[in-house]
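Read through the structure below, which is laid out as structure tokens, and then see the notes.
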Amino acid sequence: MTAQLDEKVEPIYQEVLRRNPGETEFHQAVREVLESLGPVLVKHPEFRERKIIERICEPERQIIFRVPWQDDKGEVQINRGFRVEFNSALGPYKGGLRFHPSVYLGIIKFLGFEQIFKNSLTGMPIGGGKGGSDFDPKGRSDDEIMRFCQSFMTELYRHLGEYTDVPAGDIGVGGREIGYLFGQYKRITNRYESGVLTGKGLDYGGSLVRTEATGYGATFFVKEMLRVRGESFEGKTCLVSGSGNVAIYTIEKIHQLGGKVVACSDSNGVIHDDKGIDLDLVKQLKEVERRRIQDYVEFRKHAHYLPGGNIWDIPCQVAMPSATQNEINGRDALSLVKNGCIAVGEGANMPTTPEGVRIFLDAGIAYGPGKAANAGGVATSALEMQQNASRDAWSFEYTEKRLAEIMKGIHDLCYEMADEYGMPGNYVIGANIAGFIKVAKAMVSHGLI
Ligand code: NDP
Ligand code: 2IT
């Protein structure tokens, strides 16, 4: 079901497969970008001569380390930590940390690879990286989380720095974890280096709007895709998968823009509330009490909990996957299109399989790929770095306005690039080409390094 690779690009992809066996998510992310790049090599032969694509597919540095820690029973636990410093052509490595039992090198590399182009699209001076651990935070006490974060940072700190590598959150890593990581970094280095992590608390150098940024930004991106089609969120029925950081603030912004989100989920099941999701309740359950989403129906009796249910079978006009990779397959994509979905905006990273993407593109619906649509999180991280560097703190209104401008800028850049390359309305081509060209030009300027 995937598109053919250009003959100049196919051998590069084959080499990626050979050098990185078993890393299926990484292969998928690389292939998706490479499918867009054939025509770029025709316009820019220097990229081919300088082997820019080959170099971009090889991380600059990969760090894998042991993370030993003690649980509340005094038992020793061992996890594996990762940081893949993928590309620093545009700035210090920048990208989140994911704590989830499914994490292995192939996941971190797919995320780090996507991050290069996403960060480029933001127009901010940030390179691409990603990290994390196979640590499972579910059911762990606050003290266990703290001890794990301290041990993780005890190894990672030597690789970080505001001009070197600046992590943030991702799945399983939010404000609490960033606080423990920052505390340990400060303790080991004896430096109050605010710009070494983003997503910090507001009382010690964090930025207003960073918590909301990914979800708000993804919603702004969809708003723009709808606008060019003469549509808006007003009155639209929407689905948002997940119920974590990205999902919560996607729901919040959709509601502010007049849409109605009727379902959200976690890895156990789906909540369907056709009166509209009660976001205050979701925040209380997930952000404050750290409970499962199924508890929602204890408080909203008319709503339904579908254990193991498929959110994409619920009819909607706008779908915003905001949980994890490959959560929409070909069957799900067909179901969405058949039920009248006109726009998909990816809050999560690579949530749609290649078959699903093909179905959305063939159906001609507005499809905003993650590396463009969810770039508001990392863009606001870059705004946090700017505030830290100037020892300043901006207002919520000003920061949100900057975020909205950045998202409109990314939308327009992708839209115009797709036009320029003869694929109008194809945001996949637009995002991949626009993201790539900026990094490639910087790499040519820097010489063979
Ligand atoms: P959170 O940990 O806050 O929430 C993750 C949500 O997704 C939870 O509801 C979780 O359910 C669900 N989920 C996670 N893994 C799976 C899985 N394997 N199957 C089904 N559901 C799953 O993470 P975020 O909201 O921060 O991240 C969500 C997505 O957004 C990820 O793809 C992330 O890479 C991406 N993203 C995040 C950014 C950020 O700034 N945080 C920025 C850009 C993208 P459960 O509790 O059951 O695990
Ligand atoms: O996938 C992502 O862009 C993130 N998890 C946010 C990265 C960041 O550095 O803010």
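In each ligand, atom 1 is the first atom listed, and ligand 1 is the first ligand listed. Residue indices begin at 1 and follow the sequence shown.
The shortest N/O to N/O separation between Lys138 and ligand 1 falls below 3.5 Å. Of the N or O atoms in Lys118, none lie within a sub-3.5 Å distance of an N or O in ligand 1. Residue contacts with ligand 1: Lys130 is placed with no nitrogen or oxygen under 3.5 Å of a nitrogen or oxygen of the ligand (distance criterion only).
Considering Gly132, Gly347, Gly377 only, the shortest heavy-atom separation from atom 44 (C) of ligand 1 involves Gly347. Atom 42 (C) of ligand 1 has its nearest heavy-atom neighbour, among Thr214, Ile171, Asp266, Val246, in Thr214. Nearest-residue assignment for atom 41 (N) of ligand 1 (options Asn326, Asn268, Asn245; heavy-atom criterion): Asn245. Residue Ser267 holds the heavy atom nearest to atom 45 (P) of ligand 1 of all those in Ala379, Gly215, Ser267.
The ligand atoms of ligand 1 that sit less than 4.0 angstrom from a heavy atom of Asp170 are 26 (O), 33 (C), 34 (O), 36 (N), 37 (C). Listed by atom number, the atoms of ligand 1 under 4.0 Å from Ala348 heavy atoms are 29 (C), 30 (O), 32 (O), 35 (C). Which parts of ligand 1 touch Ser243 is read off a 4.0 Å heavy-atom cut-off, strictly below it: atoms 9 (O).
Exactly one residue among Phe82, Phe152, Phe148 makes a ring-ring contact (aromatic ring centres under 6.0 Å, His included) with Phe135. That residue is Phe148.
Annotation: ligand 2 has protein neighbours Lys94, Gly95, Gly96, Gln115, Lys118, Lys130, Ala168, Gly169, Asp170, Arg210, Asn349, Gly377, Val378, Ser381, each with a heavy atom less than 4.0 angstrom from the ligand.
For residues 371-399, the pairs satisfying ring pair (Phe, Tyr, Trp, His ring centres under 6.0 Å) are Trp394-Tyr398, with sequence neighbours left out.
Residue contacts with ligand 1, taken as heavy atom pairs separated by less than 4.0 Å, involve Ser322 solely via the backbone atoms N, CA, C and O.
Using a 4.0 Å cutoff on heavy atoms, Gly96 does not count as a contact of ligand 1. Residue contact check for ligand 1: Met350 places no non-hydrogen atom closer than 4.0 Å to it. Proximity of Gln325 to ligand 1 is not established, as no heavy-atom distance is less than 4.0 Å. For the pair Arg98 and ligand 1, a heavy-atom separation below 4.0 Å is found. Residue Gly172 places a heavy atom under 4.0 Å from ligand 1.
With hydrogens and angles left out, the side-chain atoms of Tyr93 and Glu60 include a donor and acceptor closer than 3.5 Å. Ser335 and Asp313 share a side-chain donor-acceptor pair at under 3.5 Å. Side-chain atoms of Asn432 and Ser36 include a donor-acceptor pair closer than 3.5 Å. No hydrogens or angles considered: a donor-acceptor pair under 3.5 Å links the side chains of Asn326 and Gln28. A side-chain N or O of Asp142 and one of Tyr180 form a donor-acceptor pair less than 3.5 Å apart.
Formation of a donor-acceptor pair under 3.5 Å by the Ser151 side chain with backbone atoms of Arg147 is not found in this model. With hydrogens and angles disregarded, no donor-acceptor distance shorter than 3.5 Å links the side chain of Asn349 to the backbone of Leu111. A donor-acceptor pair is defined here as one N or O able to donate and one able to accept, closer than 3.5 Å; such a pair exists between the side chain of Asn119 and the backbone of Gly127.
One finds a salt bridge joining Arg227 and Glu224 here, because a Lys/Arg side-chain nitrogen approaches an Asp/Glu carboxylate oxygen to under 4.0 Å. Ion pairing of Lys109 with Glu23 is present here, as a side-chain N (NZ or NE/NH1/NH2) and a carboxylate O approach within less than 4.0 Å.
For Lys236, the salt bridge (Lys or Arg N to Asp or Glu O under 4.0 Å) criterion is met by Glu231, not counting sequence neighbours. Residues satisfying the side chain to side chain contact (heavy atoms under 4.5 Å, CB included) test with Lys275, not counting sequence neighbours, are Asp273, Arg300, His302.
Shown here for Val103 and Ser133, the closest heavy-atom pair between the two residues is CB-O, 3.4 Å.
Using a 4.0 Å threshold on non-hydrogen atoms, atom 10 (C) of ligand 1 does not count as touching the protein.
Taking atom 6 (C) of ligand 1 as the reference point, the nearest protein heavy-atom neighbour is Gly244 N, 4.0 Å.
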